[in-house]
Structure formats: C-alpha cells, structure tokens
Amino acid sequence: MTVLNFEGYRVTNMSYTQNDNFKKPQENLSFNPKFGVRLVIDDVNKAKVILTFASENELPFNVKVTLEGNFKYNASEDEINFGFEKLLRKNATAILFPYLRAIVSQLTTMGNEYQPLLIPAMNIGALLEKNEENNENSETK
C-alpha cells in the first residue's frame with residue numbers, strides 16, 4: 001500500500017468564452033495565468049485537492065478550469081513522517097496537474113478559431129513555492 005492513494009478526480013468547472021476586446025500584440029504573445037491550489041481535509045485520512053487555472057483578458061479567449069481530486073492518506077505507511085498536508089500540497093498537486101493541462105488543451109481546441117492553449121510541463125513544487133513567496137510578500141506590504 002502507498003502513503004497517498006489517488007481515488008480519482010472530477011471537473012467542477014469549465015469555462016471558455018471569446019475575448020472580444022483582445023488586440024493582437026505586435027510581438028510574441030505572453031500571458032500570466034492564475035493557478036490556485038486549495039486543500040479540503042474531510043477526515044483524518046481523506047482530503048480533496050482543488051486545482052484552478054484561469055486566464056482572463058490576456059488571450060483571444062478566456063478560460064477557467066477547476067478540478068477536484070480525492071486522496072486517501074495511509075499514516076502507517078508514512079515511515080518518514082512527511083505528513084498528510086505536505087503530501088497533499090506537493091504530491092497530490094503534481095498528480096492532478098497533467099489532468100488540468102489536458103483539460104485546458106482540449107477545451108481551447110474546441111473553440112476552433114485559435115490555436116489551443118498548451119500548458120507546458122512544469123515543476124509543481126517550484127511553482128507552489130513561488131506562489132507561497134508571492135502571497136507572503138503581498139501580505140507583508
């Protein structure tokens with residue numbers, strides 16, 4: 001048995017709308033999407049991890065996807081006492097991220113007017129640390 005069991009996911013929100021105010025830039029298009037991670041611990045050993053991706057008013061379309069993954073923690077298998085919350089934040093998020101990438105890609109492909117949005121593979125741990133640093137910096141200002 002493993003320390004963290006992935007028990008599946010479900011999409012709780014998918015939204016795609018055209019951005020009629022979009023002006024094509026003269027140079028390469030860049031955007032700053034918003035990623036969110038929220039943990040909902042239901043029990044001592046069960047939790048949901050909710051991932052959100054949103055890009056609004058930066059591309060020719062607005063897209064938002066939220067998915068929820070269910071996880072079970074086996075404390076007896078956690079020999080190094082890594083801890084449930086830490087496993088959820090890092091490992092569970094990394095498990096769910098490929099599903100989020102695929103859903104965003106499929107959703108933006110179906111618009112059939114612009115090239116699909118392909119989220120690159122990335123180091124989720126580093127992304128989470130960067131988000132935490134940004135949150136801490138904004139709270140101390």
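Keep in mind that this is a model prediction, so the values were computed, not measured.
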ask   = Tell me, which pairs form a salt bridge (Lys or Arg N to Asp or Glu O under 4.0 Å) where one or both residues lie in residues 96-108, sequence neighbours left out?
value =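 Output for this query is empty, none listed.
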key: Residues in side chain to side chain donor-acceptor pair (under 3.5 Å) contact with Asn74, at least two apart in sequence or another chain   =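 Result, side chain to side chain donor-acceptor pair (under 3.5 Å) vs Asn74: none returned.
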request  = State which residues pass side chain to side chain donor-acceptor pair (under 3.5 Å) with Ser76; sequence neighbours excluded, sorted by chain then number.
outcome  =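 In terms of side chain to side chain donor-acceptor pair (under 3.5 Å), with neighbours along the sequence ignored, Ser76 is linked to no residue.
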Quick one: list whatever passes side chain to side chain contact (heavy atoms under 4.5 Å, CB included) with [X], sequence neighbours left out.
X: Glu7; answer: Asn70, Lys72
X: Glu56; answer: Asn62
X: Leu4; answer: Phe71, Phe84, Leu87, Leu88, Asn91, Ala92

Evaluate the side-chain proximity of [Y] to [X]: yes if any heavy-atom separation is below 4.5 Å, no if none is.
X: Asn19; Y: Phe61; result: no
X: Tyr9; Y: Ile103; result: yes
X: Ser55; Y: Val63; result: yes

query = Please walk me through it: do Thr52 and Val65 pass side-chain contact (heavy atoms from CB on, under 4.5 Å)?
reply = CA-CA 6 Å; Thr52 303; Val65 174; over 6 Å; no
message = Check this for me: Glu85, atom CD, are more than 12 non-hydrogen atoms of other residues, nucleotides or ligands nearer than 6.0 Å?
response =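 No, the 6.0 Å shell around CD holds no more than 12 heavy atoms from other groups.
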inquiry  = Does Thr2 form a side-chain contact (heavy atoms from CB on, under 4.5 Å) with Asn5? I'd like the steps, not just the answer.
reply    = CA-CA 6 Å; Thr2 62; Asn5 289 335; 2.5 Å; yes
message = Let me confirm one number: the CG-CZ distance from Leu39 to Arg89, rounded to the nearest 0.5 Å.
response =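 Rounded to the nearest 0.5 Å, the CG-CZ separation comes to 4.5 Å.
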task = Determine, step by step, whether Tyr73 and Val3 satisfy the side-chain contact (heavy atoms from CB on, under 4.5 Å) criterion, reporting the C-alpha distance in whole Å, the side-chain angles of both residues, the deciding distance to 0.1 Å, and the verdict.
result = CA-CA 6 Å; Tyr73 176 62; Val3 177; 3.7 Å; yes
task = Apply ring-ring contact (aromatic ring centres under 6.0 Å, His included) to Phe53 and Phe97, showing your working.
result = CA-CA 10 Å; Phe53 171 89; Phe97 195 70; 8.6 Å; no
All N/O donor-acceptor pairs, side-chain side in residues 11-18, below 3.5 Å, sequence neighbours left out:
residue, atom, partner, partner atom, Å
Thr12, OG1, Thr66, O, 3.3
Gln18, NE2, Glu113, OE1, 2.3

request  = Can you run down the side chain to side chain donor-acceptor pair (under 3.5 Å) pairs that involve residues 33-46, sequence neighbours left out, and say none if there aren't any?
outcome  =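 Found Asp42-Lys48.
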ask   = Would you say the side-chain atoms of Thr108 pair up with the backbone N or O of Ser105, donor to acceptor, closer than 3.5 Å?
value =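 Flag set: sc Thr108 to bb Ser105 pair under 3.5 Å.
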query = How does the hydrophobic cluster around Val40 look, that is, which other residues are in it when side-chain heavy atoms under 4.5 Å mark a link?
reply =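 Other cluster members: Ile50.
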